[in-house]
Amino acid sequence: MAGRRAPRQARPHPLNLRAETTARYPMDQITDTARYDPAEAEPRWQRAWDEAGCFAVPDLPDGTKPKYYVLEMFPYPSGRIHMGHVRNYTLGDVVARYKRARGFAVMHPMGWDAFGLPAENAARERGIHPGRWTWDNIATMRGELKRMGLSLDWSREFATCDPAYYGHQQALFLDFLEAGLVERKEAFVNWDPVDQTVLANEQVIDGRGWRSGAVVERRKLSQWFLRITRYAEDLLAALDTLDRWPERVRTMQRNWIGRSDGARIRFRLETPVDGHDAVEVFTTRPDTLFGMSFLALSPDHPLAAAIAARDPAAAAFVASCRTLGTTEAALETAEKRGHDTGLRVRHPFNGRTYPVWIANFVLMEYGTGAIFGCPGHDQRDLDFARRYGLSVTPVVLPPGAEATTFAIGDTAFVEDGTLINSDFLDGLEVPAAKRRIVEELERTGQGTGVVQWRLRDWGISRQRYWGCPIPVIHCDACGIVPVPKDQLPVRLPEDVDLARPGNPLDHHPTWKHVACPRCRAPARRETDTMDTFVDSSWYFARFTAPRAETPTSRAAADAWLPVDQYIGGIEHAILHLLYSRFFARAMRDTGHLGLASGEPFAGLFTQGMVKHETYRGADGRWLYPAEVEKRADGTAVHRETGEPVTVGAVEAMSKSKRNTVDPGAIIDRYGADTARWFILSDNPPERDMEWTEAGVAGAHRFTQRVWRLVQGALPSLPPHGTPAPAGFSAEARALRRATHRTIAAVTQALETFAFNVAVARLHEFANAIADVRGEDDDLAWARREALEALVRLFSPMMPHLAEECWALLAPGQGMVATLPWLEHDTTLAAADTVTIAVQVMGRLRGTIEVPVGADEAAVLAAAEAETNVARALAGRTIRKRIHVPGKIVNFVL
RNA sequence: GCGGGCGUGGCGGAACUGGCAGACGCAGCGGACUUAAAAUCCGCGUCCUUCGGGAAUUGUGGGUUCGACUCCCACCGCCCGCACCA
């Protein structure tokens, strides 16, 4: 999932391989044996965590600890992990490790979003079976993820392409079918006539298929739909309860669901056509009904089809609209065009008739596929009316305008005002006019007030091989027959021909031919597979009991759900998250979950992209960062050839621009902790970050600095667990204050996803520890306290280094991964004295150091006495003295 | 067009509930250590300075306040999402 729409990472360039690059990095030339060696230490600690089972949790928690479910969007197994994955999983791992230390039973699983088109493309291009390609990629990527030291419960791992997973998905489908949540209906699709397949909207580029280049047709096909619209009201309303979701994601979902309040109005046709004697339109502006000038049908409207059947000109017009494609972009750029059918409809109230047009800008998918045109108060209708010379009557008067002189030019008036030229609505304001006319329409049986949704049912049919088969059978006698549950999973056949265009399951020689489960007559399997978004719509529930015999184990699901913290890319703000919200409700209503709220993700965090500078060689070709050497003078050259390199813009890492950095190469060179620390330190995690070599090197310096700090201090430290001395010097008290303030600050930062702030506080703390030089017993004790705190505070971010330091500081005292989080001591964090800023007329003139809780008179006296302040005050009268205890003094003259 | 968000040094960014703007890191410059380099450590935002300090500065203009990065109004710029949605 993560990475399906996001830019995909490149295959590693040969230059990224370890043997090629590490020799250039200076750290390998260093002979200092005291250096921390992540390549040796990290795998060792990963084994230790694994053997101790630190991160495994049972399906049914024992109830001694509160639960916390951390989930990152699971990856699509595209080949190798990329920096986007590293960022995503690092963020989740910090949360998981922190919450574990805070005493929660933490569920933190990982799996694979393993169905999808790239596997079929790879099969075609390289002759590898999609399953083989996918499982190989999973093996590679699992190894790469394990090297990151993530605190995952790997015993829960699964891949969605495994029949052990998708069989349960088929069972869910059958339950949804029985509950009336699945529907088979005709729908328009993007049809590629060369590849003979349905294309997703994003696979249509400029009206052509992305692979074949053929002009895409709009074709009506029978498709399977999940009835997400049944939950539209709840999916919208419940957004208000998701207070730990980003506001913009909620806004995007609101727009997507798109509630609009309006009316349906019936217009009688003067001459019935083929059984149609009326047209129903939807409008949000029933108040403008008296400003009507025409009625327009979508080219896909049934009445348009009926007209086209009799009228070649109409048929030609409808056909020309079809070739435009269904992408929003294609519709947007299209000019408004129409065809006058010659038919007329009668107005519900004024007795007049108006022409019926077929117009290319009217969408069949929204409302009723027909509109009434009011050019005075709708820009689209106005454009259309001007083009075809249709009448324009203003019926809403802008505030302050004069009814006798007001006229519409090239801009429709779409705001509120007072109704004119509108019979019984005259004089009413727009909201009142809307209410009044709906009453009138309902009273006369010509219309009704309705709520219209933009959200459409979810078409899940895909004519693809590498997806979950839809478990139904088509029988000529019995119709659509569900596959009996005891025959699940319906497995994909292994032997397929992907070279032929069209649906591989459909032209498989034997697979689809089965006996009808009901009447035993020869029948055919459904050959469509499900949209891969289905796979990712319930995986979070399956993780709670990944080996259960049924899709979920109710006890496990109810114990662990909802996910407390979900983390992933903003590119899934609408579809994946909306589909999952729908699935949680549908699963609840079919008994698979107890989740009363229907909300699968209580908290959501969307991380930013990872970007990098781009480089071009002398010949204009893109170069990988690993091929480029930055010179001290700021110029860049090719490492091998020495030719100059042009440094371009910082852009999202992408294969096509080759501005990718291979995580494996970074771990080889610096270790996982360095990569994690850099990713967390650079900027706030919701923003896009720039990956820079200098930044990684800086992060790596810090790991070595910490190691030196601990090693250097070790000989002079009292043993772990030594009781505190009776008293502390001022210097020792200051260090302890720094320790306890840092505990408080880092805790606060981790709670609020301000990981970059946590990193900054830990830098400061390390500086503070290094600044303290004395050897007295009390100071040594405070230094141990500080170093132990430092290590434990950075442990969620650099877990391996933390273990390695902890083993030095407290040998035989267990692993940091199993230690509780530190609590700060408010008393120790409190200062004895405080620095107060002294202002004169709001300008800073000096600072004074006063005891905490000093009385106001003393503080003011000290402030006035400060030399620089005194000079500023000399010869002036103080009119007012402001004193904010512990903060500031301000003298007003 | 509608909706959401953001503007702070050369760069990424920090700043609690309105109280010392620029923490921390990166880059750059200077210094220490070294035969030298790397590594490491120290110092440095701008302008003026009589070296005490002073002035300007958080996109722009106004306002509230003893005091504004923070609150209010107007404007400018950038980013993201949606859109013939009737």
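Order of the sequence lines fixes the chain letters, A, B, ..., with proteins taken first and strands second; residue numbering starts at 1 for each chain. Note: hydrogens, waters and symmetry copies are ignored here, and every other heavy atom, side chains too, is used.
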Below 3.5 Å is the cut-off: list the nitrogen or oxygen pairs between protein and nucleotides 8-19 of chain B, distance only.
unit_1	atom_1	unit_2	atom_2	d
B/rG12	O2'	A/Asp682	O	2.7
B/rG13	OP1	A/Arg687	NH1	3.4
B/rG13	O3'	A/Asn756	ND2	3.4

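Whole-Å rounding puts the A/Asn868 CG to B/rA55 P distance at 10 Å. Atom CZ in A/Phe765 sits roughly 15 Å away from atom P in B/rG25 (whole-Å rounding). A straight line from CD1 of A/Ile574 to C1' of B/rG81 spans 7 Å, rounded to a whole angstrom. Summarising the geometry, the separation between CZ on A/Arg881 and P on B/rC66 is reported as 17 Å, rounded to the nearest angstrom. When rounded to the nearest whole Å, the span between CG of A/Asn255 and P of B/rG3 equals 10 Å. The interatomic distance linking A/Glu866 (CD) with B/rC20 (P) rounds to 16 Å, in whole Å. Atom CH2 in A/Trp707 sits about 18 Å away from atom C1' in B/rU40, given to the nearest Å. Across the protein-nucleic acid pair, A/Arg380 atom CZ and B/rA83 atom C1' stand 9 Å apart, rounded to whole Å.
In this structure, the nucleotide among B/rA86, B/rC20, B/rC41 sitting nearest to the side chain of A/Arg708 is B/rC41. Side-chain proximity of A/Ala694 to the nucleotides B/rC84, B/rG25, B/rC26 is greatest for B/rC26. Residue A/Phe282 places its side chain closer to B/rA86 than to any other of B/rG81, B/rA86, B/rA55. Closest to the side chain of A/Arg845, out of B/rG54, B/rC42, B/rC85, is B/rG54. Distance from the side chain of A/Ala760 is smallest to B/rA23 among B/rG4, B/rA86, B/rA23. The listed nucleotides are B/rC84, B/rA27, B/rC80; the one nearest the side chain of A/Arg248 is B/rC80. If you check B/rC26, B/rA86, B/rC20 against the side chain of A/Arg701, the one that comes closest is B/rC26.
Look at the C1' atom in both B/rU17 and B/rC24: the space between them is 24 Å, to the nearest Å. If you take atom C1' in B/rA55 and the same atom in B/rU49, they sit 11 Å apart, rounded to whole Å. Nucleotides B/rC11 and B/rG61 have their C1' atoms positioned 29 Å apart, rounded to a whole Å. Using P as the reference atom, B/rA21 and B/rC69 are 8 Å apart when rounded to the nearest Å. Using P as the reference atom, B/rG4 and B/rA56 are 38 Å apart when rounded to the nearest Å. The same atom, P, is picked in B/rG12 and in B/rC79; the two are 15 Å apart, to the nearest Å. Remark: the separation of the C1' atoms in B/rU8 and B/rG3 is 27 Å, to the nearest Å. Between the P atoms of B/rC6 and B/rG13, the separation comes to 13 Å (whole Å).
Note on A/Arg705: a side-chain N or O is less than 4.0 Å away from OP1 or OP2 of B/rC41. Side-chain nitrogen and oxygen atoms of A/Arg454 include none within less than 4.0 Å of the OP1 or OP2 phosphate oxygen of B/rC2. Residue A/Thr251 places no side-chain N or O under 4.0 Å from the OP1 or OP2 atom of B/rC82.
Ion pairing of A/Arg248 with A/Glu686 is absent here, as no side-chain N (NZ or NE/NH1/NH2) approaches a carboxylate O to less than 4.0 Å. The residues A/Glu280 and A/Arg264 are annotated as salt-bridged, a charged nitrogen and a carboxylate oxygen being separated by less than 4.0 angstrom. Look at A/Arg259 and A/Asp261 and you find a salt bridge, because one of the NZ, NE, NH1 or NH2 atoms lies within 4.0 Å of a carboxylate O, short of that distance. A/Asp243 and A/Arg250 are not joined by a salt bridge, as no carboxylate oxygen comes within less than 4.0 angstrom of a charged side-chain nitrogen.
B/rA74 is paired with B/rU60 under the criterion used here, namely a Watson-Crick or G-U wobble arrangement in which both key atom distances are under 3.5 Å. Across all strands shown, the partner of B/rC66 is B/rG19, judged by Watson-Crick or G-U wobble contacts whose two distances both fall under 3.5 Å. As the counterpart of B/rC2, B/rG81 is assigned, both hydrogen-bonding distances of the Watson-Crick or G-U wobble pattern falling under 3.5 Å. The nucleotide B/rA32 finds its pairing partner in B/rU40, both defining distances of the Watson-Crick or G-U wobble pair being shorter than 3.5 Å. Pairing of B/rG45, defined by two Watson-Crick or G-U wobble distances under 3.5 Å, is not identified with any nucleotide.
Within the 4.0 angstrom heavy-atom criterion, no nucleotide atom of any strand lies near A/Gly367. Residue A/Arg285 is in sugar-phosphate contact alone, with no base atom involved, counting any heavy-atom pair closer than 4.0 Å across all strands shown. A/Val362 comes within contact range of at least one nucleobase, with a heavy-atom separation under 4.0 Å. Using a 4.0 Å heavy-atom criterion, one finds that A/Thr692 contacts no nucleic acid atom at all. Residue A/Asp381 is classed as having no contact, given no heavy-atom separation below 4.0 Å to the nucleic acid.
Side-chain atoms of A/Asp688 come within 3.5 Å of backbone N or O of A/Met609 as a donor-acceptor pair. When atom types are taken as modelled, the side chain of A/Gln704 and the backbone of A/Tyr36 share a donor-acceptor pair closer than 3.5 angstrom.
Nucleotide B/rG52 is shown with a syn base, its glycosidic torsion being within 90° of 0. Anti is the conformation of B/rG77, whose glycosidic angle sits further than 90° from 0.
No N or O donor and acceptor, one from the side chain of A/Lys880 and one from the base of B/rC66, sit under 3.5 Å apart.
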>> Checking A/Asp416 against A/Lys434 for the salt bridge (charged side-chain N to carboxylate O under 4.0 Å, His left out) test, could you report, in this order, the C-alpha distance in whole Å, the side-chain angles of both residues, the deciding distance, and whether it holds?
In response: CA-CA 11 Å; A/Asp416 282 7; A/Lys434 283 181 176 170; 5.7 Å; no
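Between A/Phe605 and A/Trp245, the ring centre distance reaches or exceeds 6.0 Å.
Relative orientation of the A/His572 and A/His576 rings is perpendicular, given thresholds of 30° and 60° on the angle between their planes. Ring planes of A/Phe794 and A/Phe702: perpendicular class, angle over 60° (limits at 30 and 60°).
The side-chain heavy atoms of A/Val94 and A/Met798, taken from C-beta on, include no pair separated by under 4.5 Å.
Both A/Glu764 and A/Thr368 sit near RNA chain B, but only A/Glu764 has its closest nucleotide nearer the 5' end. With RNA chain B read from its 5' end, the first of the two nearest nucleotides for A/Arg843 and A/Val892 is the one closest to A/Arg843.
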